[in-house]
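Encoded as structure tokens, here's the structure I'll be asking about.
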There are 2 protein chains.
Amino acid sequence: MAAPLPVPPGGSRGRRARRPSGDDRERAILATAEELLGRRALADISVDDLARGAGISRPTFYFYFPSKDAVVLALLDRVVEEARASRAAALRRAGDDVRAGWRGALEAVRDTFLAHRALTTAAASLLPTSVEVRALWSQVMEQFVAETAAAIEGERARGAAPPGPPARDLAVALNWMDERVIHATATGTTPALAEDDLLDVLLTVWLRTVYGGDGPAAAPG
Amino acid sequence: MAAPLPVPPGGSRGRRARRPSGDDRERAILATAEELLGRRALADISVDDLARGAGISRPTFYFYFPSKDAVVLALLDRVVEEARASRAAALRRAGDDVRAGWRGALEAVRDTFLAHRALTTAAASLLPTSVEVRALWSQVMEQFVAETAAAIEGERARGAAPPGPPARDLAVALNWMDERVIHATATGTTPALAEDDLLDVLLTVWLRTVYGGDGPAAAPG
DNA sequence: ACGGTACTCGACACCCTGTCGAGTTGGTCG
DNA sequence: CGACCAACTCGACAGGGTGTCGAGTACCGT
């Protein structure tokens, strides 16, 4: 018996209980969604499409998910978890080397989201409308920001980084930059960076922001 | 069979011709949209709401705009123009002082978009679905990026800024950062910066990125 | 064999969009 | 003045999507 779902506070999204055959259906819906998202935009996919693809009727779909959005949210949950794990592994690997840690973390996140462009795009399209997606995303960004801020403070404490605006503020700016640039690149929004330049460019901004001073004063007018 | 549409390249979108009374209606629709966006999300506003608000029937609405999105696009057009103008003025005011120019430009853009939060949010919610909104936004960002890149190259040429990644790549990253952080702040998305800190923090990242070196080498691994 | 729970779906009520065609109005011209 | 035409208006319709309800069916443990 798969336990009654160890859903953390914030409540279960999805269906009520677990049953053998039902699990397959749920997976089929998820798989169909992933597959269709590879072809068209979320807005062009109806609940009926999802249901048909999973071999069930539309009303039955609602037994498994409360809405189309909930399916994307479930998918996003998985990808976010993957990103988190892969990023954490990179940080662990880098040990005390903060710069290497940032490089590895950025690489991990970039790879995860580029590998799931379709989902990334769909999730982005839900941000304006879905509180749940927004909450999940906020939570992820919040974690990244907190970790970044802590690292910056560490570098400042050991004298490696100069003082400046609150570490958290810099962390907020840098992490949103990463998010947006990766997103633009993943979806082909112009202007964007070439995929191969992402890491180098973003990392340069991070390092200069954290370690660089403000340079020489402006030239007299 | 779409009508010939005498639309000059990139020109006015909206209805076909000009007539006295019709202009009032068009304005009424725009005004209603702006007003309603102050209360609820775009997705919760129907064409009927817009029509009623403007004192016309739903079919009549379609005489003036091809869709709800087109109304937002028209509104966005105005705000973007305002941002452009105000930004250009700031740059002009700063003359040769590149740093002052960036500060003024950022301030102008920030003020414009914070002053139109509702519209900003609505436009953002259309980005995933509307090609037109995407195109308009891309065009704006492209202009900002091009100008930024040119300025960076100028600073490098006169020896004020150190070399590094292509100026354009840095410009892309920095401008998307501004966009995203301003947006997060305007919509209350967490994590975000306090409105009063926006300018200082973003400008610090810009200056350090453009003028700062990469700091001392990493601690030996 | 029986009762319950998981699951299924046809049918329905709604809401929204976009269009069509039959008007109405107001300015212009013979 | 009247007749015309373009601008404008809207009732009615068709179509497509969502979410729900209630009447089933399948399978479990007892």
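The structure presented is a predicted model; accordingly, all values stated were derived computationally and were not measured. Below, chain A is the first sequence line, B the second, and so on; all start at residue 1.
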**Asked** Given atom OH of Tyr64(A) and atom C1' of dG19(D), what is their separation to the nearest angstrom?
**Response**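 That distance rounds to 18 Å.
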**Asked** To the nearest angstrom, how far is Phe61(B) atom CZ from dC16(C) atom P?
**Response**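 Rounded to the whole Å, the gap is 14 Å.
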**Prompt:** Can you list the residues that meet the side chain to side chain contact (heavy atoms under 4.5 Å, CB included) rule with Thr189(A), with sequence neighbours excluded?
**Reply:**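 For Thr189(A), the residues satisfying side chain to side chain contact (heavy atoms under 4.5 Å, CB included) (neighbours in sequence not counted) are Ala184(A), Thr187(A), Ser138(B), Trp176(B).
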**Message:** Can you confirm whether Asn175(A) sits close enough to Trp206(A) that some side-chain heavy atom of one is under 4.5 Å from a side-chain heavy atom of the other?
**Reply:** yes
**Asp48(B) CG - dT17(C) P separation (whole Å)** = 8 Å
**Prompt:** Can we say Arg27(A) and Asp24(A) salt-bridge, meaning some charged N sits less than 4.0 Å from an Asp/Glu carboxylate O?
**Reply:**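 Asp24(A) and Arg27(A): salt-bridged.
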**Item:** Ion pair Glu81(B)/Arg84(B), N-O distance below 4.0 Å
**Value:**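 Salt bridge flag = yes for Arg84(B) with Glu81(B).
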**Message:** Measure CG/Asp24(B) against C1'/dA7(D) and give the value in whole Å, please.
**Reply:** 14 Å
Could I get a table of every N or O pair under 3.5 Å where one atom is in the protein and the other is in nucleotides 18-20 of chain C?
{"residue": "dG18(C)", "atom": "OP2", "partner": "Tyr62(B)", "partner atom": "OH", "Å": "3.0"}
{"residue": "dG18(C)", "atom": "N7", "partner": "Arg58(B)", "partner atom": "NH1", "Å": "2.7"}
{"residue": "dG18(C)", "atom": "N7", "partner": "Arg58(B)", "partner atom": "NH2", "Å": "3.4"}
{"residue": "dG18(C)", "atom": "O6", "partner": "Arg58(B)", "partner atom": "NH2", "Å": "2.3"}

**Request:** Can you tell me the distance, in whole Å, between the CZ atom of Phe63(A) and the P atom of dA6(C)?
**Result:** 7 Å
**Request:** Report yes if the side chains of Thr209(B) and Thr204(A) come closer than 4.5 Å at any heavy-atom pair, otherwise no.
**Result:**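 No; the side chains remain at least 4.5 Å from each other.
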**Gap between atoms CD1 and P, on Ile45(B) and dT17(C) respectively (whole Å)** = 11 Å
**Request:** Output yes when at least one side-chain N/O atom of Thr60(B) is less than 4.0 Å from OP1 or OP2 of dC10(D), else no.
**Result:**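 For Thr60(B), the contact criterion (side-chain N or O under 4.0 Å from OP1 or OP2 of dC10(D)) is met.
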**Complete:** Here the distance between atom C1' of dG11(D) and atom CZ of Arg52(B), to the nearest Å, is 13 Å
**Request:** Kindly point out which of dA6(C), dT17(C), dC8(D) is positioned nearest to the side chain of Ser46(B)?
**Result:**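 Nearest listed nucleotide: dT17(C).
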**Item:** Side-chain heavy atoms of Trp102(A) within contact of Asp178(A), under 4.5 Å
**Value:**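 No, every pair of side-chain atoms sits at 4.5 Å or beyond.
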**Prompt:** Would you say a side-chain N or O of Ser57(A) is under 4.0 Å from OP1 or OP2 of dC9(C)?
**Reply:**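 For Ser57(A), the contact criterion (side-chain N or O under 4.0 Å from OP1 or OP2 of dC9(C)) is met.
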**Message:** Any heavy-atom pair between the side chains of Arg103(A) and Leu106(A) that's under 4.5 Å?
**Reply:** no
**Prompt:** When the distance from CZ of Arg40(A) to C1' of dG17(D) is rounded to whole Å, what number comes out?
**Reply:**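 It works out to 14 Å between those atoms.
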Distances for protein N/O vs nucleotides 23-25 of chain D N/O pairs under 3.5 angstrom?
none

**Message:** Is the shortest side-chain heavy-atom distance between Leu73(A) and Leu126(A) below 4.5 Å?
**Reply:** no
**Message:** Regarding Asp49(A) and Arg40(A), does a basic nitrogen lie under 4.0 Å from an acidic carboxylate oxygen?
**Reply:**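 A salt bridge links Asp49(A) with Arg40(A).
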